[in-house]
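Data block below; observations after.
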Amino acid sequence: MKALLLTFTLLPTLALGADPTADEILAKYDAVMGPSTFESQAEMTATREDGSTRTYAMRFLKRDADKFRVWFAEPASVKGQEVLRLGDNAWVYLPNLKRATRIANRDSFQGGDFNNADVLRVNYRADYDAKLVDSPVPDTWALKLKAKTPETAYDAITLIVRKRDLQPVRGEYYGTSGQLIRSATFSDWRELDKGFVRPARVVMQNEVVKARKTEMVTRTFKVNVDAPPQRFMQADLGK
């Protein structure tokens, strides 16, 4: 709830003429892209090197900062699969095996160009130190994020947000060697719930294999939903 309140209280502060701090911008990003509790439906389309595509339909449920669950409905080959994140641990449940297997933050999410942390763990204030840098895009703020621990999804991130409302427009994601490995374009900003605006479309471009990219489109998004604690227990997977 604290993160959501910050989402709506930041803008009056900016209206008085005060520039936001790096921490305030990062808090807004977390509140927009990963609010404390929400339920949503989304489609993810992955484009492979040969130009073929595969589309996944899924439902997300999040509770607090560290509990996240995903149910896959399409395609048929992954129907019934689930993903559960609890704190720093995450598992994928495979219905044909009736068991869950551990997965890592940096592993690919269903073979696309988002990794697991991109989807399951949007908590940049906990994972990265931020500082304001010069932005290459007019009327935007730019943050340079540096990982606090080796367990994060990326070693460094450049995040660009609009000055007028702090909505994200672009992200650049770097590996430990300093190489740019992914870039994200945020678009289609809309009010998905009352008073809650966020980009409904994110395209993650693979900067190492240029023919690859993955698009995530949010179809529905509700904040402050009922998210029962039992839905975030390993024993509940497959039920």
Side-chain angles (χ1 to χ4, degrees), residues 29-30 32-35 38-62 68-85 90-96 101 103-124 153-154 157-162 167-175 179-193 196-223 225:
Y29 178 86
D30 284 350
V32 166
M33 299 305 296
F38 71 85
E39 183 173 14
S40 70
Q41 293 181 328
E43 290 180 358
M44 185 183 81
T45 300
T47 301
R48 290 3 195 282
E49 294 95 318
D50 61 2
S52 64
T53 62
R54 194 176 195 189
T55 299
Y56 301 82
M58 65 202 83
R59 179 167 69 95
F60 300 144
L61 184 65
K62 181 173 183 280
F68 202 102
R69 190 165 172 181
V70 185
W71 292 263
F72 291 93
E74 295 178 4
S77 60
V78 302
K79 186 175 182 179
Q81 285 189 19
E82 301 175 21
V83 176
L84 174 67
R85 178 196 155 220
W91 301 264
V92 58
Y93 173 79
L94 304 173
N96 57 325
T101 302
I103 56 178
N105 279 337
R106 299 193 182 204
D107 289 346
S108 170
F109 184 75
Q110 283 292 7
D113 299 290
F114 293 93
N115 61 35
N116 289 322
D118 291 328
V119 179
L120 307 175
R121 185 183 175 90
V122 180
N123 192 358
Y124 280 3
Y154 305 101
I157 298 173
T158 298
L159 187 64
I160 299 175
V161 305
R162 300 190 303 206
Q167 289 285 333
V169 296
R170 181 172 172 82
E172 297 176 350
Y173 310 92
Y174 297 85
Q179 180 185 15
L180 176 65
I181 55 178
R182 300 286 190 276
S183 65
T185 302
F186 301 82
S187 62
D188 194 14
W189 301 269
R190 63 175 70 177
E191 187 177 35
L192 290 164
D193 201 357
F196 183 80
V197 177
R198 64 168 271 162
R201 186 181 304 270
V202 183
V203 177
M204 185 69 83
Q205 174 66 50
N206 190 314
E207 296 291 350
V208 179
V209 183
K210 293 286 191 177
R212 291 180 58 99
K213 66 179 180 180
T214 302
E215 179 181 72
M216 185 79 73
V217 177
T218 300
R219 298 301 184 191
T220 65
F221 201 102
K222 297 292 183 184
V223 296
V225 298

> Which of these passes salt bridge (charged side-chain N to carboxylate O under 4.0 Å, His left out) with Glu39: Arg59, Lys62, Lys222?
Replying inline: Arg59
Closer than 3.5 angstrom, by distance alone: can the side chain of [X] be matched with the main-chain N or O of [Y] as a donor-acceptor pair?
| X | Y | answer |
| --- | --- | --- |
| Asn206 | Val209 | yes |
| Trp91 | Glu82 | no |
| Gln205 | Arg212 | yes |
| Gln167 | Val197 | yes |
| Asn105 | Ala153 | no |
| Tyr124 | Tyr29 | no |
| Thr185 | Val203 | no |
| Arg201 | Asp188 | no |

For the [atom1] atom of [X] and the [atom2] atom of [Y], what is their distance to the nearest 0.5 Å?
| X | Y | atom1 | atom2 | value |
| --- | --- | --- | --- | --- |
| Arg190 | Thr218 | CZ | OG1 | 9.0 Å |
| Gln81 | Tyr93 | CD | OH | 10.5 Å |
| Arg219 | Gln41 | CZ | CD | 10.5 Å |
| Tyr173 | Asn115 | OH | CG | 9.5 Å |
| Glu74 | Tyr56 | CD | OH | 12.0 Å |

> Hey, mind stepping through Phe109 and Phe72 against ring-ring contact (aromatic ring centres under 6.0 Å, His included) and telling me if it holds?
Replying inline: CA-CA 12 Å; Phe109 184 75; Phe72 291 93; 5.8 Å; yes
> For the residue pair Phe68 and Phe60, is the inter-centroid distance of their aromatic rings smaller than 6.0 Å?
Replying inline: yes
> Which residues pass the ring-ring contact (aromatic ring centres under 6.0 Å, His included) test with Phe114, sequence neighbours left out?
Replying inline: none
> side chain to side chain donor-acceptor pair (under 3.5 Å) with Thr214: which of Thr45, Asp113, Thr47?
Replying inline: Asp113
> How about Met58 and Met44: do any of their side-chain heavy atoms sit closer than 4.5 Å?
Replying inline: yes
>> Quick one about Ser183 and Glu207 (side-chain donor to acceptor, distance below 3.5 Å, no hydrogens or angles considered), yes or no?
In response: yes
